[in-house]
Amino acid sequence: MIVYTDPYFNLKQIALSGQCFRMTETGSGVFEIIAKERWLRAKQCRDTVVFFCGRQEFESCWKQYFDLETDYGAIIRKIDSSDAYLCRAAQRGKGIRILRQDLFEMIITFLISQQNNIPRIRRCIENICRRYGRLCRTPEGREYSGFPKPEALAGASEQELLECNLGYRGKYVLDTAARIADGRFSLEELQKMDKAKAQEKLTELYGVGKKVAACAALFGLHHLEAFPVDTHIRQAVEKHYPGGFPEKYKEFQGVLQQYIFYEELFPENTGDLG
DNA sequence: ATCCAGGAGTGAC
DNA sequence: GTCACTCCTGGA
């Protein structure tokens, strides 16, 4: 087990930030996270997080997953001190980090997220994981399902995906998984691509528009300048930045988007430190 | 009941 | 390029 202390790392805030749908709080401050086919339990108390895993797994997997090498304090210090709204949002959501999640998982996840609510997004994802993901076991022997590989999802039928509760999004997921599985669409190329170009390329996928592409780039490619605009963000930006979101934040505006999102959806005391 | 939720595709103009 | 309409579903 690994003990890690950082004032800019809060599991509860990350869980509420809407970037990870397979992270659940199973007890007070205790979280279980599934990423690809890996499972982790971690417990937070104030600024300290205990990872229930070995040094090797922490170093090779979770340290990177939680982006622990990036200095989020440095990002927050770049916020204009005269911008009271952004300062407050960042202060409240300072424990959020941009997780380095799997690109395919992010594309499918945010395809499902469109015109959808969080509890149902979770259910949809669990459904496809149970049906098409590899069955795995926690160190204690409990079963869980990994996120399906492109080939596994590509082998689904539209009817089956309907049964997984995906609704009209099923055909998007099916076509996208098929194109990635058979190589018509290369995720490897996307990794090497210029950042602006990568988002444009993502929208070539059936069912992927600007918003989903931005989410996939931010959470799956760690392109911090990707700025997903949903209804909440659009309203907040219109209200606080009538001239548009400041250009000076461009290279890390995806992080700021997370702070704004958290501030708008969880104002005041909800979702505070665990 | 109607509306809308963390959108995108399609066709009409 | 910009509408208006539609797509499943469930919760308010």
Peer 1: Expressed as a whole number of angstroms, how long is the span from A:Asn116:CG to B:dA8:P?
Peer 2: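 Roughly 13 Å, once rounded to whole Å.
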Peer 1: On DNA chain C, which is the earliest and which the latest nucleotide, 5' to 3', with an atom closer than 4.0 Å to a heavy atom of chain A?
Peer 2: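 Contacts span C:dC7 to C:dG11, reading 5' to 3'.
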Peer 1: Base, sugar-phosphate, or nothing for A:Tyr206, non-hydrogen atoms under 4.0 angstrom?
Peer 2: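 Counting heavy atoms under 4.0 Å across all strands, the contact made by A:Tyr206 is with sugar-phosphate only.
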Peer 1: I want to check something: taking the side chain as every heavy atom from C-beta on, are A:Leu224 and A:Glu251 in contact at a cut-off of under 4.5 Å?
Peer 2: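 No - every pair of side-chain heavy atoms lies 4.5 Å or more apart.
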Peer 1: Pick the closest DNA chain B nucleotide for A:Val208 and for A:Ile118 by heavy atoms, then say which residue is nearer the 5' end.
Peer 2: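 Its nucleotide being nearer the 5' end, the pick is A:Ile118.
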Peer 1: Grab the CZ-P distance between A:Arg122 and B:dG6 for me, whole Å please.
Peer 2: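 Interatomic distance, CZ of A:Arg122 to P of B:dG6: 13 Å.
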Peer 1: Considering every strand and a 4.0 Å limit on heavy-atom distances, what is the contact class for A:Gly207: base, sugar-phosphate, or nothing?
Peer 2: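 If one applies the 4.0 Å heavy-atom cut-off, A:Gly207 turns out to touch the sugar-phosphate alone, with no base involved.
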Peer 1: Would you kindly check if the NZ (Lys) or CZ (Arg) of A:Arg97 is within the cone defined by 45 degrees around the ring axis of A:Phe9 and under 6.0 Å from the six-membered ring centre?
Peer 2: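 Cation-pi check for A:Arg97 and A:Phe9: passes.
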Peer 1: Rounded to whole angstrom units, what separation is found between the CG atom of A:Leu202 and the C1' atom of B:dG7?
Peer 2: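 Distance, rounded to whole Å: 15 Å.
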Peer 1: Examine the base of B:dG9 for any acceptor or donor lying under 3.5 Å from a partner atom in the side chain of A:Tyr168, and report the outcome as yes or no.
Peer 2: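 Not at all, since no donor on one side and acceptor on the other fall under 3.5 Å apart.
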Peer 1: Sub-3.5 Å donor-acceptor pair from the side chain of A:Asp175 to the main-chain atoms of A:Lys171, do we have one?
Peer 2: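 Looks like no, no N/O pair under 3.5 Å.
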Peer 1: Between B:dG6 atom C1' and A:Gln114 atom CD, what is the distance in whole Å?
Peer 2: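 Computing the A:Gln114:CD to B:dG6:C1' distance gives 11 Å.
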Peer 1: Do the ring planes of A:Phe245 and A:Tyr241 sit parallel (below 30°), tilted (30 to 60°) or perpendicular (above 60°)?
Peer 2: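 Plane angle over 60°, so perpendicular.
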Peer 1: For B:dG6 versus C:dT6, give the span between their P atoms, rounded off to a whole number of Å.
Peer 2: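 Taking atom P in both B:dG6 and C:dT6, they lie 23 Å apart.
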Peer 1: Are there more than 12 heavy atoms of other residues, nucleotides or ligands under 6.0 Å from atom CD of A:Glu200?
Peer 2: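 Atom CD in A:Glu200 is not crowded, with 12 or fewer foreign heavy atoms closer than 6.0 Å.
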Peer 1: Quickly work out the A:Leu265 CG to B:dG6 P distance and round it to whole Å.
Peer 2: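 After rounding, the gap between these two atoms is 6 Å.
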Peer 1: Which sits closer to the 5' end of DNA chain B, A:Arg120 or A:Leu111, going by the nucleotide each is nearest to?
Peer 2: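 Its nearest nucleotide lies further toward 5', so the answer is A:Arg120.
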Peer 1: Is it the case that the base of B:dA5 and the side chain of A:Gln115 share a donor-acceptor contact (distance under 3.5 Å, atom types as modelled)?
Peer 2: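 Check passes, donor-acceptor contact within cut-off.
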Peer 1: Check the distance between B:dG6's P and A:Arg169's CZ and give it to me in whole angstrom.
Peer 2: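 Rounding to the nearest Å, CZ of A:Arg169 and P of B:dG6 are 12 Å apart.
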Peer 1: With no hydrogens and no angle check, is any side-chain donor or acceptor of A:Gln19 less than 3.5 Å from a backbone partner on A:Gln258?
Peer 2: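 Checking the backbone N and O of A:Gln258 against the side chain of A:Gln19, no donor-acceptor pair under 3.5 Å is found.
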Peer 1: Taking CD in A:Glu59 as the centre, count heavy atoms belonging to other residues, nucleotides or ligands within less than 6.0 Å. Is the count above 12?
Peer 2: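 Correct, the count exceeds 12.
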Peer 1: Hey, what's the ring geometry for A:Phe219 with A:Phe110, parallel, tilted or perpendicular (30° and 60° as the breaks)?
Peer 2: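 Judged by the thresholds at 30° and 60°, the geometry between A:Phe219 and A:Phe110 is parallel.
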Peer 1: Would you check if the side chain of A:Glu225 reaches a backbone N or O of A:Phe227 as a donor-acceptor pair within less than 3.5 Å?
Peer 2: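 Side chain of A:Glu225 to backbone of A:Phe227, a donor-acceptor pair under 3.5 Å: no, none is there.
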Peer 1: B:dA5 and C:dT2: how far apart are their P atoms, nearest whole angstrom?
Peer 2: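 The same atom, P, in both gives a distance of 23 Å.
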Peer 1: For nucleotides B:dG11 and C:dC8, find the distance between their P atoms and express it as a whole number of Å.
Peer 2: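 Their P atoms lie roughly 16 Å apart.
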Peer 1: Base, sugar-phosphate or nothing for A:Arg123? Non-hydrogen atoms, less than 4.0 Å.
Peer 2: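 Result for A:Arg123 = sugar-phosphate.
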Peer 1: Is it the case that the side chain of A:Gln101 and the backbone of A:Ala35 share a donor-acceptor pair, with hydrogens and angles ignored and the cut-off at 3.5 Å?
Peer 2: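 No; judged by distance alone, with no hydrogens or angles, the pair does not exist.
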Peer 1: Please state how far atom CG in A:Asp230 lies from atom C1' in B:dA8, giving the value in whole angstrom units.
Peer 2: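 These atoms are roughly 15 Å apart.
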Peer 1: Paired stems touching DNA chain C, three or more consecutive Watson-Crick or G-U pairs with both distances under 3.5 Å?
Peer 2: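 Detected stem regions: B:2-5 with C:9-12, B:7-13 with C:1-7.
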Peer 1: Please give, in whole Å, the distance from B:dA5 C1' to A:Lys211 NZ?
Peer 2: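 The distance from NZ of A:Lys211 to C1' of B:dA5 comes to 11 Å, rounded to the nearest Å.
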